[in-house]
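Here is the structure we will look at.
None of these values were measured; they are calculated from a predicted model.
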Amino acid sequence: MKEKKTFINRIYRDNDIKKIDIKIKQFGVSKKFTTEYFMNIRFFSSIIIFLLIFIFWDNGALLAPIITAIWYFSVEYFMLDRPLKKRERKLDNEAYYYFEVLTLALESGRNLENAIKMACKYIDSEISDEFKETLKHVNFGKSLTESLGLMSERIPSLTINNIILNMEQSNLFGNSIINTMYNQLDFLKDKQVMDIKSEINKIPNKISIFSVLFFIPLLLLIILGPVLIEFLMG
């Protein structure tokens, strides 16, 4: 029997739906909406905005397509891309402590699954929640390798996904992963330091922009204020 197409399947290409679906999966266990919900919201809100501008604004026929296109792409940025970027940074910051505990558990002689359980027990964070979800999949009958593969679809960080890939290969082939994990921990630590330096380097630019927007107009007002008052008073 032929599968009945949903509304979004009728109006969007399969590649567009797949692209959005990949992004929404990367919100992990904390995701708050589905692909269908997002695409319906974006589609219908764009139609409403187009009609309102077209009908009620002067030059609506000219402005409606432009503003609607801006809105259409902005929805994806503010609902998906920007939150995913914040989630990626948060996961990268949490990764070092989680994988450090996991590596110590592996070093004490535990296998990978038990090491993950140990790390989840002592670390309460977003990345720990994703590993807990992975363990649930194992309890429901999936292999650990398969469950880790599904987890990588929920993680927007390439750095963490590289570690998960190493864990998959270690579990599949039975290789020791301890040395690899220590190398990854060094990389995570160096990455954190580089990110902090990058943020510090941005501070002068932020101060300069703040100065241009606030202090310079205020300074000009103080300097030119008496002249303007004298001019207005005649």
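Taking CD from Q26 and CZ from R87, the interatomic distance works out to 8.5 Å, rounded to the nearest 0.5 Å. Separating the CD1 atom in I155 from the CG atom in L150 is a distance of 12.0 Å, to the nearest 0.5 Å. The CG atom of L158 sits 11.5 Å away from the CD1 atom of I163 when rounded to the nearest 0.5 Å. Once rounded to the nearest 0.5 Å, the distance linking CG of N59 with CD1 of I66 reads 10.0 Å. To the nearest 0.5 Å, the span separating CD1 on I48 from CZ on F43 amounts to 10.5 Å. To the nearest 0.5 angstrom, K19 atom NZ is 10.0 Å from N15 atom CG.
Within 6.0 Å of NZ on K132 lie more than 12 heavy atoms contributed by other residues, nucleotides or ligands. Surrounding NZ of K23 are more than 12 heavy atoms belonging to other residues, nucleotides or ligands, all under 6.0 Å away. Within a 6.0 Å radius of CZ in F44, other residues, nucleotides and ligands contribute more than 12 heavy atoms. Dense packing is recorded around CG of D190, with more than 12 heavy atoms of other residues, nucleotides or ligands lying under 6.0 Å away. Within a 6.0 Å sphere centred on OH of Y97, heavy atoms belonging to other residues, nucleotides or ligands number 12 at most. The number of heavy-atom neighbours closer than 6.0 Å to CG of D58, taken from other residues, nucleotides and ligands shown, is 12 or below. Residue-environment remark: CZ (F54) stays at or below the threshold of 12 foreign heavy atoms within 6.0 Å.
With hydrogens and angles disregarded, a donor-acceptor distance shorter than 3.5 Å links the side chain of T103 to the backbone of F99.
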Please tabulate, for side-chain N and O atoms in residues 114-125, each donor-acceptor pair with protein atoms closer than 3.5 Å (sequence neighbours left out).
residue	atom	partner	partner atom	Å
N114	ND2	N111	OD1	3.2
S125	OG	S128	N	3.3

Without placing hydrogens or testing angles, list every side-chain donor-acceptor pair under 3.5 Å for residues 32-40, not counting sequence neighbours.
residue	atom	partner	partner atom	Å
T34	OG1	Y37	N	3.2
T35	OG1	D21	OD1	2.8
N40	ND2	E36	O	3.2

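In this structure, Y98 and F131 have parallel ring planes: the angle between them is below the 30° cut-off, well short of the 60° mark.
What you find for S108 and A105 is that their closest heavy atoms are OG-O, 2.6 Å. Across all their heavy atoms, S30 and E126 have their closest contact at OG-OE2, 4.2 Å. The two residues P83 and F27 come nearest to each other via the heavy atoms CB-CE2, 3.7 Å. Residues I8 and I17 approach most closely at O-CD1, 3.6 Å, considering heavy atoms. Of all heavy-atom pairs between L80 and I24, the closest is CD2-CG1, 3.8 Å.
The hydrophobic cluster around F187 extends to none of the other residues, as no ILVMFWY side-chain heavy atom falls under 4.5 Å of it. The hydrophobic cluster analysis finds L165 isolated: no Ile, Leu, Val, Met, Phe, Trp or Tyr side chain comes under 4.5 Å of it, directly or through other members.
D16 pairs by the salt bridge (Lys or Arg N to Asp or Glu O under 4.0 Å) definition with R13, not counting sequence neighbours.
Side chains of Q192 and L188 form no contact here, defined as non-hydrogen atoms less than 4.5 Å apart. For the pair H137/E133, a side-chain contact is recorded, criterion being any heavy-atom separation below 4.5 Å from C-beta on.
Both I178 and L102 sit in one connected hydrophobic cluster of ILVMFWY residues. Membership requires side-chain heavy atoms under 4.5 Å apart, directly or through other members. Taking hydrophobic clusters as Ile, Leu, Val, Met, Phe, Trp and Tyr residues chained together by side-chain heavy-atom distances below 4.5 Å, I53 shares a cluster with F73. Residues L172 and I164 fall into different hydrophobic clusters, defined by Ile, Leu, Val, Met, Phe, Trp and Tyr side chains chained together at heavy-atom separations under 4.5 Å. Both L63 and W71 belong to a single network of hydrophobic side chains, linked directly or stepwise wherever heavy atoms of I, L, V, M, F, W or Y lie under 4.5 Å apart. Y96 and V193 end up in different hydrophobic clusters when Ile, Leu, Val, Met, Phe, Trp and Tyr side chains are linked at under 4.5 Å.
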(request) Output, in order, the C-alpha distance, side-chain angles, deciding distance and verdict of side-chain contact (heavy atoms from CB on, under 4.5 Å) for M167 and T180. (result) CA-CA 9 Å; M167 292 168 69; T180 303; over 6 Å; no

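Listed by first and then second residue, the side-chain hydrogen bond (donor to acceptor under 3.5 Å, both in side chains) pairs involving residues 145-164 are D92-S157, E130-R154, T134-R154, T145-N171 (not counting sequence neighbours).
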